[in-house]
A.B. asks: 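Quick one: structure below, then a few questions.
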Protein chains: 2
Amino acid sequence: MGHMTTEPKSPTARAVPAGPSLPLTERQAARRRRILQATAELASRGGFDAVQMREVAEAAGVALGTLYRYFPSKVHLLVATMQDQLQRLHGTLRKRPPTDTDPAARVAQTLMRAFRAMQREPHLADAMVRALTFADRSVSAEVDTVSRLTTAIILDAMGPAGPPTPEQLSAIRVIEHTWHSALITWLSGRASIAQVRIDIETVCRLIRLTTPQQA
Amino acid sequence: MGHMTTEPKSPTARAVPAGPSLPLTERQAARRRRILQATAELASRGGFDAVQMREVAEAAGVALGTLYRYFPSKVHLLVATMQDQLQRLHGTLRKRPPTDTDPAARVAQTLMRAFRAMQREPHLADAMVRALTFADRSVSAEVDTVSRLTTAIILDAMGPAGPPTPEQLSAIRVIEHTWHSALITWLSGRASIAQVRIDIETVCRLIRLTTPQQA
DNA sequence: CGCTAATCTAGAACAAGTTTCAGACTGGGT
DNA sequence: ACCCAGTCTGAAACTTGTTCTAGATTAGCG
């Protein structure tokens, strides 16, 4: 599996960062898109194991070395894919926000919607979630981005509140923990869909604890 | 990384199961012990990546093939190590149960004690927890054992209650989710020790919700 | 003791992630 | 049009998990 000892790249080594901060050539942006699409397709077919770097490279019409220049490891690649999918989901959710009046219920509703999306592509979900929890320090930044995206989605679901209190942020972190871990147990066949729903609903009660003020 | 397509072993292939159900020779039990110890030592030194199957085999004085007969994959090996360590921890905790009167606080206290144990061996914790969350269906049974052990520890901490209600079991599942996921974020450097404590304390409030009867 | 099946060992072989390298290609600046 | 630095390609090499094989060893049994 090669090493991966988070050492800073030597001064001459370059990388192709992800953010729109760096000016990518049109061809480069296209390459990146093709890579992510190939990854999602392979993942949808067979999950984590089916995403093989050589196959991704070939499917994207790119040399193996190039793939590694864009994404320094398989885990980076899959976490980037998750960013991509999450962004898409966020957009979808914005269009049809949850209907319930209770913030806790809205969050649960939103997460269940996301969960249903994953049920439609369980292999893809497997690849992304496994990568996410397997990621080591060298992927911190990228995983953090995913976490921030998830937080944003939950905050959106909670409704048009002002700045969240520290207590609410704790609750949200715990909800995210539960979300990821419940997904894992579902993906590895140790929990049913119903059980995941119960866990999500259970943890969402924490939100109620932090917003005791009633309408 | 080879395949791992959970196929039933051919009728002639044997495996050396773990449970005390199977009568292991003394030599075999010793081999198994040596393997687990070598694993823990290597893991303590350098975490998941430092546990290399060839090295484990050599350190345990066993052939590579034998190692694979006892533990069919690296993940199996590390999950078994976690079972081992958890059992040890459970014993230790039984001796000095938490002191607080509030069940929720007792659970939090217990988990923080476990967390402190992990802080003493962060690399070992890394190896075990990463294996646990990376495990796929072929390791379900073993991971489930770990989960049951964890549940037992939490139930112990909650105190001498009768059979837990379904609601309490949900809360416990959510606590376990949070526990695993919070560990992951700590191990990958995305959360501080303080933050893990807050998350644990936050999620433990769920217990209070399920035991409203006061003393 | 001597037999047989199961187990263990040493080592080669294979698979997939990762690294490396020499040469072709591209984009911008002159 | 020409040149340079940076990029991309194709292919080989290396690492580590996993599998396979042929031959020793061991455990139990008559």
A.B. asks: Give the rounded distance in Å between these two atoms: CG of A:L77 and P of C:dG17.
C.D. replies: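 In whole Å, C:dG17 P lies 10 Å from A:L77 CG.
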A.B. asks: Compute whether any side-chain donor of one residue and acceptor of the other, for B:R190 and B:S188, lie under 3.5 angstrom apart.
C.D. replies: yes
A.B. asks: Answer yes or no: does a side-chain N or O of A:R54 lie under 4.0 Å from OP1 or OP2 of C:dG17?
C.D. replies: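 Answer is no, no contact under 4.0 Å.
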A.B. asks: Under the side-chain hydrogen bond (donor to acceptor under 3.5 Å, both in side chains) test, which residues partner A:Q195, sequence neighbours left out?
C.D. replies: none
A.B. asks: Are any of B:T66's side-chain N or O atoms less than 4.0 Å away from OP1 or OP2 of C:dT9?
C.D. replies: yes
A.B. asks: Near DNA chain D, under 4.0 Å by heavy atom, which residues of residues 55-64 of chain A?
C.D. replies: A:G61, A:V62, A:A63
A.B. asks: Check the distance between D:dT21's P and B:Y68's OH and give it to me in whole angstrom.
C.D. replies: 17 Å
A.B. asks: With nearest nucleotide decided by heavy atoms, which residue, A:M53 or A:G65, maps closer to the 5′ end of DNA chain C?
C.D. replies: A:M53
A.B. asks: Decide, yes or no, whether a salt bridge links B:E55 with B:R45 under the criterion of side-chain N to carboxylate O below 4.0 Å.
C.D. replies: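 No.
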A.B. asks: Report the distance from atom CG of A:L67 to atom C1' of C:dT20, rounded to the nearest whole Å.
C.D. replies: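 Rounded to whole Å, this separation is 16 Å.
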A.B. asks: Measure from CZ on A:R69 to C1' on C:dC25 and round the result to the nearest Å.
C.D. replies: 13 Å
A.B. asks: Students often get this wrong, so: under 4.0 angstrom with heavy atoms, is A:V51 touching a base, only sugar-phosphate, or nothing?
C.D. replies: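 Contact class for A:V51: sugar-phosphate only.
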A.B. asks: Nearest-Å distance, CZ (B:F71) to C1' (D:dT19)?
C.D. replies: 19 Å
A.B. asks: From NZ of A:K74 over to C1' of C:dT18, roughly how many Å is that when rounded to an integer?
C.D. replies: 12 Å
A.B. asks: Quick one: A:L42 CG to C:dG17 P, roughly how many Å, whole number?
C.D. replies: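 Answer to the nearest Å: 11 Å.
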A.B. asks: Between A:S73 and A:V75, is there a donor-acceptor pair closer than 3.5 Å when you use the side chain of the first and the backbone of the second?
C.D. replies: yes
A.B. asks: Under 4.0 Å between a Lys/Arg side-chain N and an Asp/Glu carboxylate O for B:E41 and B:R34?
C.D. replies: no
A.B. asks: Round to the nearest Å and state the distance from B:Y70 atom OH to C:dT9 atom C1'.
C.D. replies: 13 Å
A.B. asks: Look at the side-chain N and O atoms of B:Q28 and state whether any lies under 4.0 Å from the OP1 or OP2 oxygen of C:dA6.
C.D. replies: no
A.B. asks: Any side-chain heavy atom of A:L78 sitting closer than 4.5 Å to one from A:M82?
C.D. replies: no
A.B. asks: Could one point to a donor on the side chain of B:R27 or the base of C:dT7 with an acceptor on the other under 3.5 Å away?
C.D. replies: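 Under the 3.5 Å cut-off, the side chain and the base do not form any donor-acceptor pair.
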A.B. asks: So what is the end-to-end bend of the helix from C:dC1-D:dG30 to C:dT30-D:dA1, with 5 pairs used at each end and the value given to 10 degrees?
C.D. replies: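 One end's axis against the other's: 0°.
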A.B. asks: Counting the atoms with a prime plus P, OP1 and OP2 as sugar-phosphate, which does A:R31 contact under 4.0 Å by heavy atoms, base, sugar-phosphate, or nothing?
C.D. replies: sugar-phosphate
